[in-house]
Amino acid sequence: LAALYRDGLGLLEAGGFADHAGYSGAFLELPGTGCHLEFTTGGDHGPPDAHPESLLVLYLGTSEAVRAAADRSNAPRVASANPYWDAIGAVTILDTDGFRVVLVPAAWP
């Protein structure tokens, strides 16, 4: 999962941990925001179920940036459940856990 977000979508790997009380994880920085995503695995519970409206939305700035990230990711492209995203030219992909990531060809206002 971390490889898709790092290598495909261009997030920066900021750290991680392995086998800490049965959990492992990766921290991926959202460039220019001071924020990061943390992906973890482990424990006694299963992963959450993906839902068509559970979205991670990334504003990449341009159509070229969206196309490049989508191509690098090799992730399946899907129609968005919300037609707004398709109408504005966003591309929706599925990550390796089946969650939707919307790549928007605009800057966050």
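Remember, it's a predicted structure, so these values are computed and weren't measured experimentally. Heavy-atom basis, side chains included; hydrogens, waters and symmetry copies ignored.
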Nearest atoms (heavy-atom pairs only) where Arg77 meets Arg67 | NH2-O, 4.3 Å
At their closest point, which heavy atom of Ala18 faces which heavy atom of Ser24, and how far apart are they?
-> CA-OG, 3.5 Å
Of all heavy-atom pairs linking Ala70 and Ser73, the shortest is O-OG, 2.8 Å
Distance-minimising heavy-atom pair for Tyr59 and Val57 | CE1-CG1, 3.5 Å
Throw together a table of side-chain donor-acceptor distances under 3.5 angstrom for residues 92-105, partners on residues two or more places apart or in other chains.
residue	atom	partner	partner atom	Å
Asp95	OD1	Asp97	N	2.8
Asp95	OD1	Gly98	N	3.1
Asp95	OD1	Phe99	N	3.0
Asp95	OD2	Tyr5	OH	2.7
Arg100	NH1	Ala79	O	2.8

Nearest-0.5 Å distance, CG of residue Leu9 to CG of residue Leu56 = 8.5 Å
Closest approach of Asn82 to Ser80 (non-hydrogen atoms, all atoms of both residues) = O-OG, 3.0 Å
Side-chain heavy atoms under 4.5 angstrom apart, residues restricted to Ile, Leu, Val, Met, Phe, Trp, Tyr: same cluster for Leu60 and Tyr84?
-> no
Using a 4.5 Å side-chain heavy-atom cut-off and chaining through intermediate ILVMFWY residues, the residues clustered with Tyr23 come out as Phe17, Phe27
Using the rule that two of Ile, Leu, Val, Met, Phe, Trp, Tyr join whenever any of their side-chain heavy atoms come within less than 4.5 Å, decide whether Leu37 and Leu4 are in one cluster.
-> yes
Going through the distances and angles, do Leu11 and Arg6 end up as a side chain to side chain contact (heavy atoms under 4.5 Å, CB included)?
-> CA-CA 5 Å; Leu11 303 187; Arg6 182 190 61 232; 5.5 Å; no
